[in-house]
Amino acid sequence: YAAVVLDTCAYAGSGNVLKVQEMLHHCTEHLAEDAEHQMAAVIGIGMISMGEDVGSEMALRAFEHLLHYCELPIKRAVPLALAILNISNPDYGIIDQLSRLSHDPDTEISQNAV
């Protein structure tokens, strides 16, 4: 967990594609418990990609895939990562997606989307 957070903070805003791929690799493990490092990796994708337009688009597609195909702990971190990705650049599409996620049946996903 600490190594993922350290990598995230070290490469925040850099747009380093290799680090984004490394963070996505952390999300491929099928864990239902003790998945804090996976949640940190999802938020790390948003932090690393937030400074670049092409990287932001790639991260948005990755978040869509994570929402559809991954386990619940990863899905819970996606709204926070979406907000971090567009923290100073409000986009109507992202606001709409966060609005949809705020009505999710899982309470943690809906609270994170607000």
*Please name the residue in the list E29, R76, M23 that meets the side chain to side chain contact (heavy atoms under 4.5 Å, CB included) test with Q38.*
E29

Give a yes or no on whether [X] and [Y] share a hydrophobic cluster (residues Ile, Leu, Val, Met, Phe, Trp, Tyr; joining criterion: side-chain heavy atoms under 4.5 Å apart).
{"X": "V5", "Y": "L85", "value": "no"}
{"X": "V42", "Y": "Y69", "value": "no"}
{"X": "L6", "Y": "M50", "value": "no"}

*Show your working on side-chain contact (heavy atoms from CB on, under 4.5 Å) between V78 and I109 and close with a plain yes or no.*
CA-CA 8 Å; V78 170; I109 292 176; over 6 Å; no

Which heavy atom of [X] sits nearest to which heavy atom of [Y], and what is that distance?
{"X": "A40", "Y": "Y1", "result": "CB-CE1, 3.9 Å"}
{"X": "L24", "Y": "I45", "result": "CD2-CD1, 3.5 Å"}
{"X": "I43", "Y": "A81", "result": "CA-CB, 4.0 Å"}
{"X": "L66", "Y": "C27", "result": "CD2-CB, 4.1 Å"}
{"X": "S102", "Y": "A113", "result": "N-CB, 3.6 Å"}

*Begin from the C-alpha positions of K19 and E22 and carry the test salt bridge (charged side-chain N to carboxylate O under 4.0 Å, His left out) through to its verdict.*
CA-CA 5 Å; K19 284 297 173 181; E22 182 181 325; 3.1 Å; yes

Looking at [X] and [Y], would you say the former's side chain and the latter's main chain have a donor-acceptor pair under 3.5 Å?
{"X": "N112", "Y": "E108", "value": "yes"}
{"X": "E52", "Y": "S14", "value": "no"}
{"X": "S56", "Y": "S49", "value": "yes"}
{"X": "T8", "Y": "V4", "value": "yes"}

Side chains of [X] and [Y]: closer than 4.5 Å at any heavy-atom pair?
{"X": "L31", "Y": "P73", "value": "no"}
{"X": "V114", "Y": "Q111", "value": "no"}
{"X": "V20", "Y": "Y11", "value": "no"}
{"X": "L80", "Y": "M39", "value": "no"}
{"X": "L60", "Y": "L82", "value": "yes"}

Would you give the length of the straight line joining atom [atom1] of [X] to atom [atom2] of [Y], rounded to the nearest 0.5 angstrom?
{"X": "L67", "Y": "R100", "atom1": "CG", "atom2": "CZ", "result": "9.5 Å"}
{"X": "N86", "Y": "I94", "atom1": "CG", "atom2": "CD1", "result": "4.5 Å"}
{"X": "H30", "Y": "I74", "atom1": "NE2", "atom2": "CD1", "result": "8.5 Å"}

_Would you say that more than 12 heavy atoms from the other residues, nucleotides or ligands in this model lie under 6.0 Å from the CG of D53, or not?_
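No, because the 6.0 Å sphere around CG of D53 holds 12 heavy atoms or fewer from other groups.
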
